Amino acid sequence: MQAAARRPAAVQRLRRTDRLNATPHLTAVDDLGLLQALPIAAAIVERAHDRVLRVTAHNDRFVDAVERSTCTASDWDEADCLKAGAIADLVQRFLDGDDPNGELDLKQGEGVASQFFRLKLAPLPKRKAAQRCLLSVVDRTVEVQAERTLRAEMLRDSLTGLPNRLAFSEAIENAGAKVARDLEHAVLVVDMLRFSRINESMGSLAGDELLITFARRLILALRAGDVLARTGGNEFGVLVSLRRGVADALKAAERIQQVMMAPFKLSELEIKVECAIGVALMTAGQDAEELFRNAQFAVKQAKAAGKPQVYEPKQATEARRRFSIETELRRALDKDQLELYYQPLINLKSGEVAGFEALARWTHEDRGEISPTEFIPVAEESGLILHLGRWAMDKAAQTLASWDANAGEKLPCYVGVNLSAIQVARDDIPAMVESTLRSTGLSGERLTLELTESSIVQNPARATRVFDALKALDTTVAMDDFGTGYSSLAYLQRLPIDVLKIDKSFVSGMMVDPDAVAIVRAVLSLAEALGMSTTAEGIETVELATTLATLGCASGQGFYFARPLEAAVALAYFKSRKR
């Protein structure tokens, strides 16, 4: 108010040009002419030995700028001097060399009536020992308003009108800056399940309508101060404040699920929409993007668990390790850094080696030995199992062919290769096996293909076609880990399965658990009735080997006989047990 009251006098004084015209000082007149030619508001400020700043010349645009800006006008006194203030301080520092940039942004007014100015200083040659500089005033109001409008559009989701991912990240950062103690805020990520199916079946317009309605429902579940944003296609983020820690966060998730219980009405249809909710608790100094990713990770856990999940750092560490192993495994396969070891399968009656099971082994140059129980699931999840499976099939067949060549005859043994359910579902297994047999010169009976029950259950029709095609190549088909899955006995009767491998979980408990003995006896009887052979896994003692042989099990494998061996050692082992 005080600055506004003084503005008219300052403006009137600056509009008086008679003082410059009345004193025909050549340099001053030249300054005025140059300033009038400038396309921007400008003035010349001079500082004498008394350090008083005086405006010695200015153009008409400068007067107009002062008239519009009370901030600028308030720095003038009745003697055309710059008094103490933001502008005067800027000029003093600039002339002293303390602020070489010489720029200052000023704001006038509030709200939609705000005006924005930028002051810039440029050095001028001294005149009569007085220091001088050019002061220009740029009206940035239109520019700033355009920037604000553009930024508002950048931070808004065009469909729902909610803040978008970028705006949500900024809201998290602002909340994080105010955190006085841990767990003061939490981020919830809400993922609308089965949205893609709805979108595909009903069209994108219906999908957009569902998203808008879903967003409105979410708003109903929020408390004052909570922030809702659309962070992805069918993903929403919620920033909530906490008073009772994780209990408040889970309560917020519960409110969201409650408002989603009523069906959504689209056209003539009523659709029940479910959502998965992941929760991540904010800690002091935490990065906003990291916090959001933690909540997204928890969403994946929520989808598997069927209920809201709170982010656990240990699970995320394991996920990062799996991703790291995937990257390293891909590189290892490309560089042929994996090996195949061969575990003997012993004929329990004769004691000779009937065959070998090929098992992949990986020794990482930095991590050391990585267990198959860790890298095989990663390979299946990432799709690398197709590459790994083809490599194992080719390597095992080549090894067996090299043993024949070394012995100078066809050895009376076979090699078993494991096939995952992913391979059966995605790869052309019969074509792969046929190509391997052709390239190595092996006959089909020298290969045993071991499949788990899950490969049958997932797609029985495809499994039947694959099994029939493998039998047409004269290969042996074995069902691995029998008894641990959910296969129907009808599959055993219908499919051309030659061998049942009894899982080690039943075998290892035989000496102490009567039920385990009963299960093994039942499997052996079933196999005999169906004309199948049997192999027991996990034989670790002579008592187990003797008992299984007595019960009629055909062959067995386990640490009692031998651990998985390198190719050359496996061949030597085969020769050593031959009678």
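All residue numbers in this chain count up from 1 along the given sequence. Please read these numbers as outputs of a predicted model, since none were measured by experiment.
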K.L.:
Looking at OG1 of Thr541 and OH of Tyr560, how far apart are the two atoms once the value is rounded to the nearest 0.5 Å?
P.N.:
8.5 Å
K.L.:
Roughly how far apart are Asn234 CG and Met192 CE, rounded to 0.5 Å?
P.N.:
6.0 Å
K.L.:
Between Lys307 and Gln257, is there a side-chain donor-acceptor contact under 3.5 Å, judged purely by atom types and distance?
P.N.:
no
K.L.:
Please tell me whether Asp191 and Gln296 have a donor and an acceptor in their side chains that are separated by less than 3.5 angstrom.
P.N.:
no
K.L.:
Applying the side-chain contact (heavy atoms from CB on, under 4.5 Å) criterion to Ile172, which one of Met282, Gln286, His185 satisfies it?
P.N.:
Met282
K.L.:
Could you check Glu326 against Arg322 for salt bridge (charged side-chain N to carboxylate O under 4.0 Å, His left out), going step by step and ending with a plain yes or no?
P.N.:
CA-CA 6 Å; Glu326 177 187 337; Arg322 288 196 300 271; over 6 Å; no
K.L.:
Pick one: which of Asp404, Thr475, Thr476 meets side-chain hydrogen bond (donor to acceptor under 3.5 Å, both in side chains) with Arg446?
P.N.:
Asp404
K.L.:
Would you say the side chains of Thr399 and Tyr342 form a donor-acceptor pair under 3.5 Å?
P.N.:
yes
K.L.:
Which residue, Tyr341, Trp403, Phe561, forms the ring pair (Phe, Tyr, Trp, His ring centres under 6.0 Å) with Phe356?
P.N.:
Trp403
K.L.:
Can you tell me how far the CD atom of Gln337 sits from the CZ atom of Arg331, to the nearest 0.5 Å?
P.N.:
8.5 Å
K.L.:
For Glu290, is there an ion pair with Arg293 - N to carboxylate O distance below 4.0 angstrom?
P.N.:
no
K.L.:
How far does CZ of Phe574 sit from CD of Glu352, to the nearest 0.5 angstrom?
P.N.:
7.5 Å
K.L.:
Check this for me: Lys300, atom NZ, are more than 12 non-hydrogen atoms of other residues, nucleotides or ligands nearer than 6.0 Å?
P.N.:
no
K.L.:
Once rounded to the nearest 0.5 Å, what's the spacing between atom CD1 of Ile198 and atom OG of Ser204?
P.N.:
13.5 Å
K.L.:
In terms of heavy-atom contacts, does CD of Glu528 have more than 12 from other residues, nucleotides or ligands at under 6.0 Å?
P.N.:
no
K.L.:
State, with a plain yes or no, whether a side-chain heavy atom of Leu388 is found less than 4.5 Å away from one of Ile385.
P.N.:
yes
K.L.:
Testing Gln557, Glu537, Arg563 for side-chain hydrogen bond (donor to acceptor under 3.5 Å, both in side chains) with Gln343, which one passes?
P.N.:
Gln557
K.L.:
Taking the basic N atoms (NZ, or NE/NH1/NH2) and the acidic carboxylate oxygens, is any pair closer than 4.0 Å for Arg367 and Glu328?
P.N.:
no
K.L.:
Measuring only between side-chain heavy atoms, which start at C-beta, is Val299 closer than 4.5 Å to Lys303?
P.N.:
yes
K.L.:
So, Phe236 versus Phe214, ring centres under 6.0 angstrom or not?
P.N.:
yes
K.L.:
Might you confirm whether atom CZ of Arg521 has over 12 heavy atoms from other residues, nucleotides or ligands at distances under 6.0 Å?
P.N.:
no
K.L.:
Taking the side chain as every heavy atom from C-beta outward, state whether Leu359 and Asn418 have any atom pair closer than 4.5 Å.
P.N.:
yes
K.L.:
Below 4.5 Å, heavy atoms only, C-beta onward: do Leu155 and Pro163 meet side chain to side chain?
P.N.:
no
K.L.:
Can you find a heavy atom in the side chain of Met393 that is under 4.5 Å from one in the side chain of Leu419?
P.N.:
yes
K.L.:
Validate the cation-pi geometry between Arg165 and Phe168: distance from NZ or CZ to the six-membered ring centre under 6.0 Å, angle to the ring axis within 45°.
P.N.:
no
K.L.:
Apply side-chain contact (heavy atoms from CB on, under 4.5 Å) to residues Leu451 and Phe467 and explain how you reach the verdict.
P.N.:
CA-CA 10 Å; Leu451 301 97; Phe467 280 39; 3.7 Å; yes
